[in-house]
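Here is the structure we will look at, set down as structure tokens.
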Amino acid sequence: MSSRNKSAAPAGRLQRAPEGFVSGELIDDIVRHGLDDTRRGFLKRSFLAAGAALAAGSPVAAMAGQAAKSGAKGDPMILEPRPWSTVLGKPVAFHPYGVPSKYEANLQRRQSPGLTPTPQASVAFAPLQGFFGIITPNGLHFERHHQGWVDVDPEQHRFMINGMVKEAKVYTMDDLMRLPAVSKVHFIECGANTGMEWGNAAVPTVQYTHGMLSCCEFTGVPLKVLLDDCGADLKNGKFILAEGNDGSSLTRTISMGAALDDAMVAWGMNGEMLRPENGYPLRLVVPGVQGVSWVKWLRRIKVGDKPWNTMGETSTYVDLMPDGMLRQYTSIQECKSVITSPSGGQMLLSKGFFNVSGLAWSGRGKIKQVDVSFDGGRNWKTARLETPVLDKCLTRFNIDWVWDGSPSILQSRAIDSTGFVQPRYGQLTKVRGTRSTYHNNAIQSWNVAATGEVSNVHVD
Ligand SMILES: Nc1nc2c(c(=O)[nH]1)N[C@H]1C(S)=C(S)[C@@H](COP(=O)(O)O)O[C@H]1N2
Ligand SMILES: [Mo]
């Protein structure tokens, strides 16, 4: 079915990575002064201008134009020996720890425009537009710190369990890494992901709309094993408090249900030790629950019988409702999806076939189905889910699309194993208002103009 579509329509060309063209000064300015209307407009214009400039001068565009005229025939790039095929290559282990090709230098974590006040209490968004499959490479995992990151000496790191336990215990990293380990792939999403999109279409690319999202294989010991080891009082102990060892003194209350279910005290991330930015040498993994509970540089878990109501649970990570009330402890990341290619800031350089690709996830289970609309939600087609489809994990979807050059609005809608259907933007704001900041899981719309420019729009 897909191949018939493909052969019927020539492949369209996509300018896939114009996201790197906001100047460092502009980002600094936004970080310092916030994102007002002038800066928002400027941000939008500079993304568009960069996309257009790149499209005009792009070697991809030039090559594609040539191919359209003469096919692959006569192309010196294939007919003539290339410089790199006639020299000695670089020696083995030239980089003892490998690095990406210099041609991929544009694929970077990027700072938040205007979300947070200082370089320490900040966010670096993951470039979702450049990812394939479901695994986030360790160097591109998003970062969210409340007080900067620290590089902790694992020899000096200690982890303690206390509170309502028979015996409080302190573990070294060696103690922990001797225990029976498990490895599981899960997504982590900050509760504030897509937070700038309450109200209006604020930021230009999927990196900024959805980039506080990553997915890795984590290795560690189930928290249940450690709670058992300390003789946690499971009858009266209804909650745990997790505490980090950085300057933010981040503490989070987590339900005993989540703690005993699939929470993990983890040191491994995609086959190697955690990166310092992500909590090296130890972090809590709480599948399905918002990122703030995944405490990094984890040093203590306390068992108790009621929530602690710490600052981060009462004044931040609370959802402002239209009536002025705040919802607390909305910890689960609900079913959500987004098309990552094509997405905002990219450019369709020609009509024809496109593989529309994106990510879907749910904090309540597996992804059951993803539908895609090319006309702003009037008609829907079911996308292909790529395997594996795992619990509380990103799922990659793909669907064929032949762009006829007319304006289109691309949307994706995920359904999870509980039957929950990702809401339209208007459905969500009807209940939650437009100042909720956290937990925005609305359907994302990308507008494709006749010029091929792809931009962020809100469709009710
Ligand atoms: N100790 C500590 N843990 C922390 C944080 C922090 O600032 N300090 N930030 C939290 C928040 S708000 C999120 S979204 C995730 C981000 O994890 P990452 O930086 O590995 O992406 O870590 C959480 N754990
Ligand atoms: Mo977060």
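Predicted model, so just to flag it, every value in this text is computed and none were measured. In each ligand, atom 1 is the first atom listed, and ligand 1 is the first ligand listed.
- The number of heavy-atom neighbours closer than 6.0 Å to CE of Met311, taken from other residues, nucleotides and ligands shown, is 12 or below.
- Using a 4.0 Å cut-off between a side-chain N of Lys or Arg and a carboxylate O of Asp or Glu, Asp246 and Lys296 do not qualify as a salt bridge.
- Using the six-membered ring where Trp is involved, Tyr317 and His146 have ring planes that are tilted, between 30° and 60° apart.
- Using a 30° and 60° split on the angle between ring planes, Trp401 and Phe374 fall in the parallel class, below 30°.
- Results of the side chain to side chain donor-acceptor pair (under 3.5 Å) test with Glu277 over Arg144, His145, Arg109 single out Arg109 as the only residue that passes.
- Residues lining ligand 1 at a heavy-atom distance below 4.0 Å are given as His141, Phe142, Glu143, Arg144, His145, His146, Ile188, Cys190, Gly244, Asp246, Ser248, Leu250, Glu277, Asn278, Arg283, Gly291, Val292, Trp294, Val295, Lys296, Trp297, Tyr317, ordered by chain and residue number.
- Listed by first and then second residue, the ring pair (Phe, Tyr, Trp, His ring centres under 6.0 Å) pairs that reach into residues 410-432 are Tyr425-His458, sequence neighbours excluded.
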